[in-house]
Every structure is written in structure tokens, then in C-alpha cells.
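Here is the structure we will look at.
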4 protein chains.
Amino acid sequence: MVSTTLTVGAGRPRDPRIDEAVVAAVVELLCEVGYQRLSIAAVAARAGTTKPAVYRRWPTKAQLVHEAVFPAEGRPLVPETDDLAADLRSMLTDGIALFSRPEVRAAAPGLLADLAQDPGAHPRLLARFTSPMFDQLQGRLERAAAAHQVRPDVDARLLVDVIGGSTFMAVLTRDRAELEGPWVDQTLALLLAGVQA
Amino acid sequence: MVSTTLTVGAGRPRDPRIDEAVVAAVVELLCEVGYQRLSIAAVAARAGTTKPAVYRRWPTKAQLVHEAVFPAEGRPLVPETDDLAADLRSMLTDGIALFSRPEVRAAAPGLLADLAQDPGAHPRLLARFTSPMFDQLQGRLERAAAAHQVRPDVDARLLVDVIGGSTFMAVLTRDRAELEGPWVDQTLALLLAGVQA
Amino acid sequence: MVSTTLTVGAGRPRDPRIDEAVVAAVVELLCEVGYQRLSIAAVAARAGTTKPAVYRRWPTKAQLVHEAVFPAEGRPLVPETDDLAADLRSMLTDGIALFSRPEVRAAAPGLLADLAQDPGAHPRLLARFTSPMFDQLQGRLERAAAAHQVRPDVDARLLVDVIGGSTFMAVLTRDRAELEGPWVDQTLALLLAGVQA
Amino acid sequence: MVSTTLTVGAGRPRDPRIDEAVVAAVVELLCEVGYQRLSIAAVAARAGTTKPAVYRRWPTKAQLVHEAVFPAEGRPLVPETDDLAADLRSMLTDGIALFSRPEVRAAAPGLLADLAQDPGAHPRLLARFTSPMFDQLQGRLERAAAAHQVRPDVDARLLVDVIGGSTFMAVLTRDRAELEGPWVDQTLALLLAGVQA
DNA sequence: TGATAAGCGAGACGGTACGTCCGGTCTTGAG
DNA sequence: CTCAAGACCGGACGTACCGTCTCGCTTATCA
């Protein structure tokens with residue numbers, strides 16, 4: 001998180017309603033005008049506050065959008081049932097659902113572009129998303145290998161690349177209708193055949 | 001292509017050296033400051049010309065960068081040997097190489113962001129990249145299916161998603177060293193197992 | 001003159017109708033939009049021709065306007081009766097009339113500004129206007145001095161400054177009505193008293 | 001004045017160094033390139049600032065140049081000694097000196113041209129220059145008439161036309177050397193003879 | 001009489017300057 | 001130290017217009 005509303009010391013405390021209003025305004029405006037044309041001034045106006053109040057909380061647009069679009073949810077990234085096929089299917093549909101949210105579609109490429117320029121963003125991004133997902137998936141795969149469901153040399157990080165990248169690319173290049181139909185089934189079939197022992 | 005230097009009719013013809021200088025300047029500046037902070041003014045200055053000369057050729061930054069970064073090469077996107085494994089490996093290494101070029105790394109997310117906002121960019125992007133690749137790969141897969149090397153229900157477009165998305169994601173989240181090492185081997189193994197009859 | 005339609009040598013001769021049409025267009029447009037916003041493109045369009053045809057004849061806007069507004073008339077600048085008061089009055093009213101013509105009011109300050117910047121304009125301007133007027137007035141004053149009407153030390157060039165400058169300033173700062181009324185009478189009284197023996 | 005640096009209320013105050021630097025840059029550039037080719041961009045660059053900072057202070061080039069060239073000095077336009085000849089001489093030499101300043105020579109015709117086009121400039125110009133001068137001169141002439149030094153019917157405004165116009169014309173059409181020599185003496189003689197009782 | 005040469009309409013070009021938007025910072029005055 | 005209000009600085013924008021150039025054609029002079 002960036003908007004560290006600690007304010008342990010003296011002085012007037014920050015108004016928490018502004019934090020909420022700004023985040024809500026960002027999500028709205030992302031869907032309306034996209035990432036590039038999202039201006040801090042417009043966010044502040046929509047949130048009923050002023051630019052300095054926003055800049056006090058988030059130093060850059062990238063960090064603001066990042067936090068607004070990907071709130072730190074505690075939900076498990078990798079499901080844990082006994083059915084490997086069902087778990088992989090969940091990951092595919094979760095990826096599709098995530099990248100299909102309007103604010104995510106609008107924000108993701110712009111965020112990538114901004115963060116790609118920012119040195120140091122690489123580890124932060126990994127720490128926030130890829131690594132937790134990788135750790136959980138690593139455990140899940142070891143369980144599956146022990147049950148002789150997957151080859152023991154299947155790499156969890158590689159699978160994260162393939163699942164994440166495929167869903168991202170699919171959302172970018174296909175219509176909504178295609179994704180809800182056979183795409184998941186076919187991809188799941190390919191993945192299962194690819195990893196199975 | 002956008003910069004249609006046709007000019008069959010009347011009027012002073014365009015100076016082709018400006019076309020070249022601008023494209024070169026875009027590639028340079030992309031590597032130096034990234035997509036977002038790439039300004040037309042800076043491109044024109046670096047190219048030794050002026051903004052109107054750039055705007056006459058490319059109406060938007062997105063189209064300019066698109067053409068500068070992805071020149072219309074005629075090279076086949078899908079190799080055509082008799083060895084399916086070798087062909088898939090080529091596609092993976094080509095994808096890695098493409099997305100690893102500094103100007104592509106700098107431009108790709110920004111282009112996605114801009115084009116995602118532009119209605120009508122979707123079909124254009126497909127027509128230029130995904131579709132040709134898909135058509136070629138479709139033919140290659142049919143040949144492989146006839147030779148009983150792959151299952152007949154493997155979809156070429158799906159494979160494009162998986163190969164393109166995986167390589168894109170890998171380049172974004174991994175170091176150069178990892179990609180040149182086992183990543184290609186492991187991904188190739190997964191794909192082969194996934195599609196084989 | 002600038003538009004030297006000599007064309008002694010070979011080649012297609014210039015169309016004299018274009019010369020006329022351009023000059024007429026300049027006078028019209030000066031009255032409509034003034035000197036600064038008079039564009040060669042507009043002149044060419046109004047004259048029913050094209051920019052290069054205008055530039056072939058007059059290299060700069062200043063020279064074009066100069067020639068259009070002050071055609072080389074042969075009319076005597078200084079009248080030659082036996083009545084000095086009447087002659088001075090004529091010069092005053094002629095100055096008022098000249099500077100009051102709409103195209104002259106519109107063109108004069110702009111011309112001064114352009115020509116003031118052009119080194120070499122000074123002698124040209126003098127040769128065209130001030131000097132002939134000065135020569136004629138010099139003769140007239142000598143005649144008046146011989147008749148003991150004016151002091152013999154009155155300088156003709158000085159009188160040109162005073163008459164020209166006063167009328168110019170008066171036209172710039174006063175309404176039409178004032179000028180036609182007592183202004184000429186009062187100025188004439190001042191001048192006569194100033195020069196009389 | 002135009003650049004009203006009032007800013008009594010809220011908001012960041014204007015940087016007064018920019019005001020000074022811009023005015024200085026205008027004077028410099030006027031002498032170098034003249035009025036017409038004086039661009040706001042060049043002024044801003046020379047002053048070490050940017051175009052918007054200039055536009056915030058002066059909405060048009062005419063107003064900017066006007067204020068830069070004719071700063072609101074409180075100096076009396078008409079001297080007030082007991083010697084009418086000396087006072088008139090002062091007005092002549094002041095006029096010569098004013099119109100001889102390089103930036104004034106460069107700016108004056110261009111300003112006239114711009115202001116001549118702007119309806120409403122007429123009264124403004126009068127209010128700033130001609131009228132104050134006229135009022136002061138009117139008082140001086142009444143004093144002189146009471147002392148039987150001038151004819152009581154001599155009009156102050158007319159004298160302003162004659163003195164201003166003559167000096168302006170003389171500066172435009174003569175060399176520096178001529179003006180410092182006998183020109184003032186001769187003109188003074190003419191004026192004195194013209195107005196004396 | 002045919003080659004040469006300049007003018008013509010048409011129109012796009014290279015480039016200067018324009019006036020404006022907006023992003024991020026700073027200042028006030030109150031809480 | 002925060003808040004609102006708001007102006008400021010300066011980078012960049014996309015456009016209008018200037019004077020030039022290229023084209024394909026026409027019109028005159030000269031070999």
C-alpha cells in the first residue's frame with residue numbers, strides 16, 4: 001500500500017473519506033476515459049476534493065491506479081481442492097474474470113507501461129502478485145506430483161507464465177463471447193495434457 | 001502502414017529522409033524515456049525536423065510508434081520445416097526475441113494502452129499480427145495433424161494465445177538470463193505434450 | 001516599382017491581367033482585414049490566381065502593398081499658384097486626404113513597421129516621396145522668398161516634416177469630423193505665421 | 001498597465017522576476033529583430049521562462065510591447081519654466097529622444113499597426129499619452145497667453161499634433177546627425193513665430 | 001518548326017509561431 | 001499537519017499559415 005494513513009504524530013489527521021472517494025473516482029474514471037486520459041485533476045474533482053489532497057496520499061498516477069484497481073484482497077489465488085483439473089480451470093476462469101473487469105482492462109496496459117519505466121517496479125510487482133501465486137501453485141503441484149497426477153519436473157513459475165499470459169492475451173484479442181465458451185475448455189485440455197504424468 | 005508516401009498527384013513530394021529519421025528517433029527515444037514520456041516534439045527535434053512534418057505522416061503517437069517498432073517485415077511468422085518441435089521452438093524464441101528488444105519492451109504496454117482505448121484498433125491489430133500468424137499456424141497444424149503428430153482438435157488461435165501470451169508474460173516478469181536458459185525447453189515440453197496425439 | 005514586367009528574353013510572358021487583379025485585391029483586403037492579417041494566400045485567392053504568381057511579381061508583402069497603395073502617380077505634390085496660403089492649404093488637405101484613404105490608413109503603419117526593419121528602405125522611401133516633394137517645395141519657397149512672402153531661411157525639408165507629420169498624427173488621433181472643420185484653418189494659421197517674413 | 005500583479009487573494013503569487021525578465025527580453029529582441037518578427041516564444045525563451053507565463057501577464061503582443069517600451073513613468077510631459085521657448089525646445093528634444101530610442105523606433109510603427117486594427121485602442125492610446133500631454137500643454141499655453149506671449153487662440157491639441165508629428169516624421173526620415181544639429185533650432189523658430197502674439 | 005524557357009494553376013511540403021491544456025507545485029488562510 | 005481554494009510554472013499539444021517546391025501544361029521566343 002502507498003497511502004500510509006499512519007499520521008502517528010501531531011497535526012490534523014487525514015480525512016479517511018477522501019481516501020475512499022478518490023479510489024472510487026479512479027475506478028469510475030478508468031472505465032470512462034481510460035488510463036492515459038485519467039488526470040489527477042479529474043479524479044480530485046470527481047472525488048469532491050483537490051489535487052494536493054490526492055498527491056499527499058499517492059505520489060504518482062501509477063501507484064494510485066494500482067491501489068485502486070488491485071485492492072489488497074486476501075482471497076486465495078490458487079484454489080485447493082483435490083481435483084487438479086478443477087483447480088486449473090478455476091485459475092483460468094479467475095484470470096479471465098480479472099482481466100475482463102472494465103477498470104482492469106483499462107488500467108492494465110497503462111500500468112505496465114508506467115511501471116516498466118520505473119526501475120524497482122519489477123520486484124514490487126512480483127512480490128505483490130506473481131510470487132504469492134507461484135508459492136501457492138508450487139505447493140499445489142507438489143501435492144499433485146505426489147499423487148502422480150503431474151510430471152514431477154513441471155515448474156510452477158512456468159505455469160504461472162502460461163496461465164497468466166494466455167488469459168491476458170485472450171482477453172485482449174478476443175470477444176467476451178468467445179472466452180466464456182470453448183476457450184477455457186480447450187486451454188484446460190492443452191494444459192492438462194501438457195503437465196500430466 | 002500509415003505513412004502512405006504515395007503522392008502520385010500534384011504537390012511537392014515528401015522528403016523520404018524525414019521518414020527514416022523520424023522512425024530512427026522514435027526507436028532511440030523509446031529506449032531512453034519510454035512510451036508515455038515520448039513526445040512528438042522530442043521526436044521531431046531528435047529527427048532534425050518539426051512537429052507538422054511528423055503529424056503529416058502519422059496522425060497519432062500510437063500509429064507512429066507502432067510503425068516504428070514493428071516495421072512491415074515480410075518474414076514468415078511461422079516456420080515451415082518438417083520438425084514440429086523445432087517449429088514450435090522457433091516460435092517461442094522468436095517471441096522472446098521480439099518482446100526483448102528494448103524498444104518493444106518500452107513500447108508494447110503503452111501501445112496496448114493507447115490502442116485499447118481506440119475503438120477500431122482491435123481489428124487493425126488482429127489484421128496486422130494475430131491473424132497472419134494464426135493463418136500460417138493453422139496450415140502448419142493441419143499438416144501435423146495429417147502426419148498424426150498433433151491431435152486434430154488443437155486450435156491454432158488458441159496456440160497463438162498461449163505462445164504469445166506466455167512469452168510476453170515471461171519477458172515482463174523474468175530476467176534475460178532465465179529466458180535464454182531452460183525456459184524455452186520447459187515451455188516447449190509443456191506445449192508438445194499438450195498438443196501431441 | 002518592383003513588378004518589373006520586362007521579360008525581354010524568352011519564355012511565356014507574364015499575364016498583365018494578374019498584375020491588375022492582384023493590386024485590386026490588395027486594396028480591397030487592406031480595407032477589410034488590415035495590413036497584418038493580409039495574407040498573400042488571400043490576395044491570390046481574391047485575385048483569382050495562386051501564390052507563386054504573386055511571389056513572382058513582388059517578393060515581399062511590404063513591396064506589394066507599397067505599390068498597390070501608392071501607385072506611381074505623376075500628379076504634382078506641391079501646387080503652384082501665386083497664393084502661398086492657398087498652396088500650403090492644399091498641401092495640408094492633400095495630406096489629410098491621402099492618410100484618410102481607408103487603404104492608406106490600414107497600410108501605412110504596417111508598412112512603416114516592415115520597412116523600418118528593412119535596411120535600405122530608408123533611401124528608397126525618401127527617393128519615392130519625401131525627396132520629390134522637398135524639391136518642389138524648395139522651388140516654391142524660393143519663389144515666395146523672392147516675393148518677400150516668407151523668411152529666406154525657412155527650410156523646405158523641415159516644412160515637409162511638419163506638414164507630413166502633423167497631418168499623419170492628426171489622422172491617427174482625431175475623428176474625421178474634426179479634420180474637416182477648423183483643424184486645417186488653425187494649422188494653416190500657425191504655419192503661415194511661422195514662415196512669413 | 002496590463003500585468004496587474006495584484007494577487008491579493010489566494011493562490012501562488014506571481015514570480016516578479018519573470019515580469020522583469022520578460023520586459024527586458026522584449027526590449028532586447030525589439031532592437032534585434034523588430035516588432036513583426038518578435039514572437040512570444042522567443043521572448044519567453046530569452047527571458048528564461050515559457051509562453052504561458054507570458055500570456056498570463058499580457059494577453060497580446062501589442063500590450064506586452066506597449067508596456068515594455070513605454071513604462072508608466074510619472075515624469076511630466078510638458079516642462080514648466082517661465083521661458084516658453086525653452087519649454088517648447090524641451091518638448092521637441094524630448095520627442096526626438098523618445099522616438100530615437102532603438103526599441104521605440106522598432107516598436108512604434110508596429111504598435112500603431114496593431115492598435116489601428118483594434119477597435120477601442122484609440123481611446124486607450126489617447127488616455128495614456130495624448131490627453132495628459134494635451135492637458136498639461138493647455139495649462140502652459142494659458143499661462144503664456146496670460147503673459148501675452150502667445151496668441152490666445154492657439155490650440156494645445158493642435159500643438160501636440162504638430163510637435164509629435166514633426167518629431168516622429170523627422171526621426172523616421174532623417175539621420176541622427178541632422179536631428180541633433182539645426183533641426184531643433186529651425187523647428188523651434190517656426191513654432192515660436194507661429195504661436196507668438 | 002522544333003527546342004528552349006518561362007509562366008501558369010494546383011497543391012503538398014518543410015517549418016515558424018501560435019494560443020491552450022494540463023500536470024505537478026506552491027501559497028494562502030482556516031481548522 | 002491537514003484541509004479547501006486557487007494561481008503558478010513549464011512541457012507538450014495539435015493547428016494555421018508562410019514561403020517554397022514539384023508537377024504537368026500552356027505560351028511565347030529563338031535556332
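The structure presented is a predicted model; accordingly, all values stated were derived computationally and were not measured. Within every chain, numbering begins at 1; the chains are lettered A, B, ... in the order of the sequence lines, protein sequences first and strands thereafter.
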For atom [atom1] of [X] and atom [atom2] of [N], their distance in whole Å:
{"X": "Arg37(C)", "N": "dC18(E)", "atom1": "CZ", "atom2": "P", "value": "16 Å"}
{"X": "Arg14(B)", "N": "dG15(E)", "atom1": "CZ", "atom2": "C1'", "value": "15 Å"}
{"X": "Lys61(A)", "N": "dG24(E)", "atom1": "NZ", "atom2": "P", "value": "8 Å"}
{"X": "Leu29(D)", "N": "dA17(E)", "atom1": "CG", "atom2": "C1'", "value": "14 Å"}
{"X": "Asp114(A)", "N": "dG24(E)", "atom1": "CG", "atom2": "C1'", "value": "15 Å"}
{"X": "Arg57(C)", "N": "dG19(F)", "atom1": "CZ", "atom2": "C1'", "value": "17 Å"}
{"X": "Trp58(A)", "N": "dG23(E)", "atom1": "CH2", "atom2": "P", "value": "17 Å"}

Is it the case that the base of dG14(E) and the side chain of Arg56(B) share a donor-acceptor contact (distance under 3.5 Å, atom types as modelled)?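 Answer yes: a donor N or O sits under 3.5 Å from an acceptor.
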
Do Lys51(B) and dG14(F) share a donor-acceptor pair, side chain to base, under 3.5 Å?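 Yes, a donor-acceptor pair under 3.5 Å.
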
[X] side chain: which of [options] is closest?
{"X": "Ile40(B)", "options": "dC26(E), dG10(F), dG14(F)", "result": "dG14(F)"}
{"X": "Pro13(C)", "options": "dA28(F), dA4(F), dG15(E)", "result": "dA28(F)"}
{"X": "Tyr55(A)", "options": "dC8(E), dG23(E), dG19(F)", "result": "dG23(E)"}
{"X": "Ala53(B)", "options": "dG14(E), dT27(E), dG9(E)", "result": "dG14(E)"}

Take Trp58(D) and Val23(D) through the side-chain contact (heavy atoms from CB on, under 4.5 Å) test and state the conclusion after the steps. CA-CA 11 Å; Trp58(D) 297 276; Val23(D) 165; 4.2 Å; yes

Can you name the one residue among Arg56(D), Arg14(D), Arg57(D) that meets salt bridge (Lys or Arg N to Asp or Glu O under 4.0 Å) with Asp19(D)?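 The passing option is Arg57(D).
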
Nearest-nucleotide 5' precedence on DNA chain F, Ala41(B) against Ala41(C):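 Closest to the 5' end, via its nearest nucleotide, is Ala41(B).
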
Of all the heavy-atom pairs spanning Ala44(D) and Thr50(D), show the shortest one and how long it is.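 Looks like CB-C, 3.4 Å.
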
Short question: side chain of Arg101(C), backbone of Val69(C) - any donor-acceptor pair under 3.5 Å?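 Here the side-chain-to-backbone pair exists.
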
[X] side chain near [N] phosphate (N/O to OP1/OP2, under 4.0 Å):
{"X": "Thr50(B)", "N": "dT16(E)", "result": "no"}
{"X": "Ser39(C)", "N": "dC18(F)", "result": "yes"}
{"X": "Arg17(C)", "N": "dC8(E)", "result": "no"}
{"X": "Arg12(B)", "N": "dT20(F)", "result": "no"}

DNA chain E: 5'-proximal contact among Thr60(A) and Ile18(C) (nearest heavy atom):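 Looking at the nearest nucleotide for each, Ile18(C) comes out on the 5' side.
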
Residue whose nearest DNA chain E nucleotide is more 5′ - Pro52(A) or Gly48(B):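 Closer to the 5' end of DNA chain E: Gly48(B).
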
Distance check, rounded to the nearest 0.5 Å: Lys61(A) atom NZ versus Gln36(A) atom CD?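 So the NZ of Lys61(A) and the CD of Gln36(A) are separated by 6.5 Å.
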
